[in-house]
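Positions are given from 1 along the sequence. As the structure lists them, so they are numbered: ligands from 1, and atoms in each ligand from 1.
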Amino acid sequence: MTLSRRALGAGAGLLLAGTLGLTGCGSADEAAPTANGATASPGASRQFTPGAAGVGDDYFPTYGNGGYDVSRYSVKVRYDPERDRLTGTTTVQAAATGDLSAFNLDLAGLTVRSVTVDGAPAKHGRKGDELVVTPARGLIAGNGFVTEVAYEGVPEPLRNEALGVGGFLHTDDGAIALGQPESASTWFPVNDHPSDKAAYDFEITVPKGLTAVSNGVPAGKSTTGGWTTWKWTERSPMASYLSTLVIGKFRITEGEHKGRPVFHAVTTGLPKGAADRSIAGTVEVADYLESVFGPYPFGAYGGVVVADPRISYALETQSRPVYSASFFAAGENTGVVAHELAHQWFGNSVSLARWQDIWLNEGLATYAEWLWAEHDGGRSAQQAFDVRYAGSSGQLWRTPPGRPGATNLFSESVYQRGAMTVHALRVTVGDKAFFELLKTWAAQKRDANASTDEFVALAERVAGKQLDDLFEAWLYGTQRPDRPGRG
Ligand code: TRP
Ligand code: ZN
């Protein structure tokens, strides 16, 4: 699934196909070109070109790839923690968005053993963290194709000091694959940008006795010859950075809530306590958020708590956030649960089309923490706003959350000023329009990608007034905006 704008990345092939069409060329098979892009017969009108090596995100030009749109990944990996070795076969179902002579998948490290496209062996090569696939014959715009990649090796994390991006980490007794804005390419070949959301099936095989947790609905497990395969299915479109793999020894709690499976896993490295109690609060927090944002968007609930010194954050991995144990060191903490669950609506169901719009995720999720605290008997959202409005640093007011720059993607401004922007909007349009806006936004953009401009346009429509000045000052200004009031 994808944005229409990514068709732009498909290059000249698409233009030609669009203007000349297939008229007179006979069936697709007869018109098939050779893999180098030359057409097979004189007079054939299609021109096959390689897909771009990135989707064209200004902040991260190499993320994702052009020329196709993935609908489903089937990721089958076996990981042996003792040898730190991963063996995988990933099947990618996609549709070409242009006439392709070749296309890329993102894959960091690992050794590719074989690639097939529609069952036929395909040429493959590596260019850094790109896997370049050249199918035996060109792929025609609009047609579906299935790529199967067999690979293996010692998975490595990605290194980006500014963002602390993660990827695959080998832990004491297993592994954790996690990270934003990228991580998936460290354990499977992927179109690694949130603009191409897809469904996922995971089959993770680990030594018997270990747990392997991923996204979505638990789809069974089976053990043979000392290895256990854990299956997970995420049917709702998911951005690749929201995929996760957590292997180790865990305390598992399974249940059901509102007809959906609940699956929590807390590392046995922690004694039973605050982490377990906080995670158990997931369904109650989700029900509260549902009352504010509308229906919970996914088919499962859950949370995973890990204790690895390299992971000091939480991530809203789809339907099953991963939390650092550090959040629960001082006792129960449902604030972080509210934040990660709010992302299920804002970030996961309604996803970014480009990383610059990150405040839409983090501002709304941070605002959800304020709403939850007020609901839970803590301070009001207004008080939370006031404290920050009065006390925030010059750095926060100088960094525009709507244009933070790639290295400030997760800066305080994006989270706190992002949430202040949401509150300023609420105060300006009034509670009725504000809460209607949140529900309408979640419903209209469910399972889709959306932009700041679309959010602003919907806010103006629901409120029935111009809001340019408000958003200009709060999202793009470089000094503290005026205190918002009903005007
Ligand atoms: N998006 C995460 C949150 O707000 C935080 C985060 C930012 C993160 N960068 C990360 C988590 C990298 C893991 C890895 O909940
Ligand atoms: Zn967040």
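- The nearest protein atom to atom 6 (C) of ligand 1, hydrogens excluded, is given as Gln180 OE1, 3.7 Å; this is a heavy-atom distance.
- Distances shorter than 4.0 angstrom do not occur between any heavy atom of Gly166 and any atom of ligand 1.
- Side-chain contact, Thr452 with Asp357: a donor N or O sits under 3.5 Å from an acceptor N or O.
- The distance from ligand 1 to the heavy atoms of Glu316 drops below 4.0 Å at these ligand atoms: 1 (N), 2 (C), 3 (C), 15 (O).
- Distance check: Leu242 CG to His343 NE2 gives 9.5 Å after rounding to the nearest 0.5 Å.
- Selection from Tyr313, Tyr415, Phe410 by nearest heavy atom to atom 5 (C) of ligand 1 gives Tyr415.
- Screening Phe435, Trp441, Trp345, Trp372 for a ring-ring contact (aromatic ring centres under 6.0 Å, His included) with Phe293, the sole residue that qualifies is Trp345.
- Comment: Arg426 engages Asp431 in a salt bridge, judged by a side-chain N to carboxylate O separation of less than 4.0 angstrom.
- Each of Trp232, Trp230, Trp187 was evaluated against Phe202; a single residue qualifies, Trp187, per the ring-ring contact (aromatic ring centres under 6.0 Å, His included) test.
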Report task. Mind running ring pair (Phe, Tyr, Trp, His ring centres under 6.0 Å) on Tyr476 and Trp359 for me, showing each step along the way? Result -> CA-CA 11 Å; Tyr476 305 112; Trp359 84 276; 8.7 Å; no

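- Close approach to Gly179 involves these atoms of ligand 1, each under 4.0 Å from a residue heavy atom: 14 (C).
- Between the Zn ion (ligand 2) and the N, O or S atoms of Glu362, the shortest distance is to OE1.
- Taking atom 15 (O) of ligand 1 as the reference point, the nearest protein heavy-atom neighbour is Glu340 OE2, 2.7 Å.
- Nearest residue to atom 8 (C) of ligand 1 from Leu315, Ile311, Leu242 is Leu315 (criterion: closest heavy atom).
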